[in-house]
Amino acid sequence: MKKMFCKLLSILLVLCLCIGLTACGAQSAAGGLGTLTMDDGKSGGIGTLGEPGGADEPSEPGEPTVPAEPDAPAPQEPAPNDGYAAFSSTKQDFSFLYDEGYTAKWSDENGATVYTEHEDSIPYILVFCNHRGDTNGFDISNFFYFKIEEMKTQYGSRLKSVSEVLTLTVGDKKVPGVLFTYTVDTYTIEMFLLLDDTGDSLMQYTAKYVQGKGEPTMQALVRAMTTLKLDADYYANGSGTGTGTGTGTQTPQQTPAPAALSTESYECKYFTLTKPVGWEVFYEVIDAGGGAKRLYTFVYDPTNPNNMFFFAQVLEQFYVSESSKQAWLPYMPSYFSNAPVISGDPTAEATLAVWGDVFAVMRAEGSESSAYFRNYGLTEVIESKVLNSSPTTGTTSYVLGMVTIPSAREQSLILFQNTLVLMNAPTGLPASAKYYSSHSNMGVVLSESAAGSQFNTVLSCLQSFDPSAFANRDSFKSGTTDGGMAVPETDISSLF
């Protein structure tokens, strides 16, 4: 703790340079920009929370240069900063000011990107509206939890550190954020992520830069935050002014649809499947007691871990009523107070409708698999169908719909299928204390921008999943339809 506090004090000096613009002689619309503090009130910073050093410096003139890949820093070259331009997003209806010497772009995936040195390379900032509308009840701690899990999945051992929640004080606002440190080639990169809950919107800000060289990029971030208006025409109409003569408005550009996927075979001691080339596989076998074992498998795109297909052998318990749940609670872990209730028809649609409760229980249980599940919020049902139903084997059904995922920049298409089997109450509990056990939970989840070109390929990969080598084979037969994962009647390509 003492080591961390010393680092925070040293970083504060860097931040003071970044946010004290008037003291540096820069007359800016950003004005007096504020301070960065820990949630407990201690001063904090944004420069060196990761392990010190370890990264080579960017190449000097005459040395080999670093390729300007999107996630690799380009050679440093100062940009002019004697005036400001306005960025206007008509898609998300906001605008802000940035240094006219920088390059700004729009993409549907990332929102507004302002490159503070070279286009399409680190360093840069991102400005994105995560949500527009009433934010009452939004849990910011959950947002950062999911983002941290995504970063762990995406960067693995290259993720070197994650800070505590920091607070950037801008004017009269306090904006929470987290600092990530990871490596790209020989460079150490810092990514500062903030989420501003304005009450009627959630604005997400990101600054990414080479460790120790974040001052210009953080200046650009704070300038964007202090000049942001939830009105695309604010600066175009002359309502706001900046210093200098830059007035350029960036027109949103459509992001090209992801390319079609090629596939390859994968096998392990428990199963075989076909997967998209480059996608990664995680599986976990959990001891369910009494000699039973359960298999959980996730195949995901490491560049966007929300894009995946999965198989979860059993999820339980789904209570048939609130009174049934209350009868069980004295015998269950305390976190089962969040357990889901399905009081209507036992379908995949009903399961997805209470997924927030499902996720809360999985997260509390803390298995490795829980890091791969997402908290899906069902926003639209496109298709819902019961495939078969019987008192002994349960009800097998699927739902095709759109879902939100916390911290995701766009909605996702989901095809989810399961079999809900009604289980009787054990001896000692009221006969009415029944619950559903959800068998053969499987699904495809793809971002809206990827679904049109990739859905059919990923669905065929899920259909190829063959767990016949798994020791507890009988458990798969319960609640699995003869045809495995169903094919929806809706033409997915017509939706996007």
Side-chain angles (χ1 to χ4, degrees), residues 1-19 36 38 43-79 102 110 113-126 144 147-166 168 176-194 204-222 280 302-305 407:
M1 183 66 186
K2 181 178 180 181
K3 180 180 179 183
M4 175 66 77
F5 183 65
C6 291
K7 288 184 179 180
L8 292 175
L9 287 177
S10 66
I11 297 164
L12 183 59
L13 297 175
V14 176
L15 185 69
C16 288
L17 292 174
C18 168
I19 61 181
L36 186 66
M38 301 296 290
S43 295
I46 51 86
T48 56
L49 288 181
E51 291 300 314
D56 293 339
E57 293 295 320
S59 304
E60 296 295 331
E63 295 293 323
T65 58
V66 180
E69 297 294 335
D71 241 352
Q76 186 174 5
E77 178 181 308
Y102 297 157
N110 295 319
T113 304
V114 178
Y115 298 100
T116 57
E117 288 184 8
H118 295 270
E119 186 174 340
D120 295 328
S121 66
I122 292 173
Y124 58 78
I125 69 168
L126 302 173
F144 287 115
K147 179 54 68 174
I148 290 169
E149 293 303 313
E150 287 179 10
M151 292 288 288
K152 288 177 180 177
T153 299
Q154 181 174 352
Y155 290 101
S157 61
R158 294 195 292 125
L159 182 63
K160 299 305 181 183
S161 67
V162 179
S163 76
E164 301 176 56
V165 175
L166 308 170
L168 180 63
V178 170
L179 178 71
F180 302 91
T181 304
Y182 65 94
T183 57
V184 175
D185 299 326
T186 58
Y187 296 89
T188 298
I189 305 299
E190 291 186 340
M191 186 183 92
F192 195 26
L193 174 69
L194 300 109
Q204 181 174 318
Y205 301 92
T206 306
K208 191 177 284 193
Y209 49 85
V210 176
Q211 189 177 65
K213 299 186 177 182
E215 180 183 338
T217 307
M218 284 302 298
Q219 285 180 347
L221 178 74
V222 177
E280 298 182 4
T303 66
N304 182 0
S407 83

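What you are looking at is a predicted structure, and each value in this text was computed from that prediction instead of being measured. Throughout, residue positions are numbered sequentially from 1 according to the sequence presented.
Nearest heavy-atom pair across Pro216 and Thr116 is O-CG2, 4.5 Å. Glu150 and Pro305 make their closest contact through O-CG, 4.3 Å (heavy atoms, listed as atom of the first residue, atom of the second, distance). Considering every non-hydrogen atom in both Tyr115 and Tyr102, the closest pair reads O-CB, 3.2 Å. The heavy-atom pair separating Ile125 from Ala220 by the smallest distance is CD1-O, 3.6 Å. Nearest heavy-atom pair across Ile122 and Tyr209 is CG2-CA, 3.7 Å.
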Verify side-chain contact (heavy atoms from CB on, under 4.5 Å) between Val222 and Leu168, making sure each step is shown before the conclusion.
-> CA-CA 9 Å; Val222 177; Leu168 180 63; 4.3 Å; yes

Pair Tyr182-Gln154, side-chain contact (heavy atoms from CB on, under 4.5 Å): steps then yes or no = CA-CA 11 Å; Tyr182 65 94; Gln154 181 174 352; over 6 Å; no

Can you list the steps and then say if Val210 with Ile189 is a side-chain contact (heavy atoms from CB on, under 4.5 Å)?
-> CA-CA 5 Å; Val210 176; Ile189 305 299; 4.2 Å; yes

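Side-chain contact between Lys147 and Leu193 is present, with at least one heavy-atom pair separated by less than 4.5 Å. The closest side-chain heavy-atom distance from Phe180 to Ile148 is below 4.5 Å. Side-chain atoms of Thr217 and Glu117, non-hydrogen and from C-beta on, never get closer than 4.5 Å to each other.
Here OH of Tyr187 is found 8.0 Å from NZ of Lys213. Values are rounded to the nearest 0.5 Å. Put simply, OG1 on Thr183 and CG on Leu159 are 9.0 Å apart, with the number rounded to the nearest 0.5 Å. With values rounded to the nearest 0.5 angstrom, Arg158 atom CZ is found 8.0 Å from Asp185 atom CG.
Residues satisfying the side chain to side chain donor-acceptor pair (under 3.5 Å) criterion with Gln204, sequence neighbours excluded, are Asn130.
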